[in-house]
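Worksheet for the structure shown next.
Every chain is numbered from 1 and lettered A, B, ... according to where its sequence line falls, protein lines coming before strand lines. Because the structure is predicted, anything quoted here is derived from the model rather than measured.
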Amino acid sequence: MPELPEVETVCRGLSAHITGRTIVRATARRRDLRVPLPHDFERSLADRKITAVTRRAKYILIHLDDGKIFIVHLGMSGSLILHDAPLPNFRKHDHVIIEFSPYKLMVFHDPRRFGLIALAAGKDIEGNKLFVQLGKEPLDPETTAERLYDILQHSRAPVKSVIMDQRKIVGVGNIYACEALFRARIHPARPANKITKKETARLMNGIKTVLEEAIRSGGSTLRDYVRSSGDAGYFQHHFSVYGRAKTPCTLCRTPLSTTRQNGRSTFFCQTCQK
DNA sequence: CGGCGGTCCTGTCAGC
DNA sequence: TGCTGACAGGACCGCC
């Protein structure tokens, strides 16, 4: 699930519930995530107080009172769930467990282990290997259609690949790329440098609005996400094209098309998107 | 350098 | 029912 809106939702939920709490204990049930957990991981977290929870791209940044940052990326299948009471038993793929005082339990669960957990010194976070290459935040007011146009002009790759390229714009994954292109009425395979200024304005607007709406609908189910038991509670956002091959386009009733780009499924309306 | 394809890993679902 | 293959919301690496 986790594209920018999901990560933002998780961050807001975490921020509301763990800011100001102290980590009593960190436990790794397995260390071989995408990047192996550092050997001093548990020790580095113990007794640290959470000062803030923020987001950069699809990374969750849990700020600690010693200036370090506990970084979590959910990959394709990761979740970070809070529980109010101790669990009778952990599930398969519950890899990292954090206990807080006052009591809360935070469980990092990730079947595919494409997720990542790391620790970094806070002051040089932007210089961190994970972050140096990252592009613009799409919801930043400074990320304008003019900036996007400049980005698109410098690439001949399909526009969908470009808006999913985290070095150019962050946070847009496969689902929201499809949705934003539909909103902008742009065919996903168009070479980026052939997109006009006018189309770019629609695309920037499509990206911002679809992300904002998804965050809003995530916010409304925030209580579900932090419920003390149960699964990830990712919200059900309504998609116009993603996963809807062959079903009628909401605008023109043409059956939606699907294709593959860079190994990822793309959904679009061949009538509306040119 | 840019762009594409393969790869990491496990779970789920469709089809036989 | 059981097996097989395709596919899944991400990102890195290496090759042309």
Side-chain angles (χ1 to χ4, degrees), chain A residues 1-11 29-37 55-60 71-81 90-96 108-118 128-135 138 150-182 188-194 207 210-211 213-215 217-218 221 225 231-246 258-267:
Chain A
M1 296 265 175
E3 297 186 30
L4 186 150
E6 291 77 11
V7 177
E8 178 65 25
T9 299
V10 169
C11 282
R29 301 181 73 235
R30 71 182 289 174
R31 319 187 78 82
D32 54 339
L33 307 180
R34 192 170 94 215
V35 171
L37 280 187
R55 177 188 61 75
R56 170 74 173 115
K58 298 173 195 168
Y59 292 88
I60 298 162
I71 302 168
V72 182
H73 192 293
L74 300 176
M76 291 274 249
S77 58
S79 61
L80 210 45
I81 305 296
F90 293 111
R91 297 170 299 168
K92 197 177 179 183
H93 308 306
D94 284 346
H95 303 314
V96 175
F108 175 72
H109 178 88
D110 185 12
R112 292 176 77 178
R113 281 185 284 130
F114 288 173
L116 173 150
I117 285 184
N128 186 287
K129 187 182 162 210
L130 296 170
F131 299 88
V132 275
Q133 298 236 63
L134 291 177
D150 186 52
I151 290 165
L152 296 179
Q153 283 302 296
H154 291 279
S155 174
R156 282 164 296 171
V159 58
K160 184 188 175 220
S161 313
V162 176
I163 62 173
M164 286 179 68
D165 187 337
Q166 304 299 301
R167 293 169 300 185
K168 300 190 170 97
I169 309 191
V170 301
V172 180
N174 200 36
I175 291 179
Y176 296 107
C178 293
E179 295 296 316
L181 287 162
F182 174 74
R190 286 266 301 284
N193 59 355
K194 298 282 173 57
I207 291 170
V210 77
L211 295 178
E213 285 172 26
I215 290 170
S217 87
T221 56
Y225 141 75
D231 54 20
Y234 282 123
F235 52 90
Q236 310 293 316
H237 188 66
H238 176 261
F239 303 131
S240 298
V241 289
Y242 185 82
R244 302 179 58 100
K246 297 181 190 166
T258 183
T259 180
R260 221 145 223 287
Q261 293 179 280
N262 290 9
R264 312 297 296 273
S265 291
T266 298
F267 300 88

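For C:dA8, its base never sits under 3.5 Å from the side chain of A:Arg264 at any donor and acceptor pair. Taking 3.5 Å as the limit, the base of B:dC9 and the side chain of A:Arg113 contain no donor-acceptor pair of atoms between them.
Within the nucleic acid shown, A:Pro158 comes within 4.0 Å of sugar-phosphate atoms alone, with no base atom in reach, counting heavy atoms only. When heavy atoms are screened at a 4.0 angstrom cut-off, A:Arg260 is found touching the sugar-phosphate backbone but no base atom.
With rounding to whole Å, A:Asn262 atom CG is found 14 Å from B:dT7 atom C1'. Atom-to-atom, NE2 of A:His109 to P of B:dT10 comes out at 13 Å; the value is rounded to the nearest Å. Across the protein-nucleic acid pair, A:His93 atom NE2 and B:dG11 atom C1' stand 7 Å apart, rounded to whole Å. For the pair A:Met76 CE and C:dG9 C1', the computed distance is 6 Å after rounding to whole Å. Protein atom CZ of A:Arg112 is 15 Å distant from nucleotide atom P of C:dC12, rounded to whole Å. Rounded to an integer number of Å, the gap from A:Arg34 CZ to B:dT10 C1' is 16 Å. Nucleotide C:dA11 holds its C1' atom 13 Å from the CZ atom of A:Phe131, rounded to whole Å.
Spacing of P atoms, C:dC3 relative to B:dC9, comes out at 23 Å, to the nearest Å.
Distances shown here put a side-chain N or O of A:Ser155 below 4.0 Å from the OP1 or OP2 atom of B:dG3.
Each of C:dG10, C:dA8, B:dG11 was ranked by its minimum atom distance to the side chain of A:Lys92; first place goes to B:dG11. Closest contact between the side chain of A:His73 and the listed nucleotides B:dG3, C:dA11, C:dG9 involves C:dA11.
Pairing of C:dG9, defined by two Watson-Crick or G-U wobble distances under 3.5 Å, is not identified with any nucleotide. Remark: B:dC9 base-pairs with no nucleotide in the shown strands. Criterion, Watson-Crick or G-U wobble with two distances under 3.5 Å.
Aromatic ring orientation, A:Phe267 versus A:Tyr242: perpendicular (interplanar angle above 60°, classes split at 30° and 60°). Ring pair A:Phe108/A:His95 is tilted by interplanar angle, where 30° to 60° counts as tilted.
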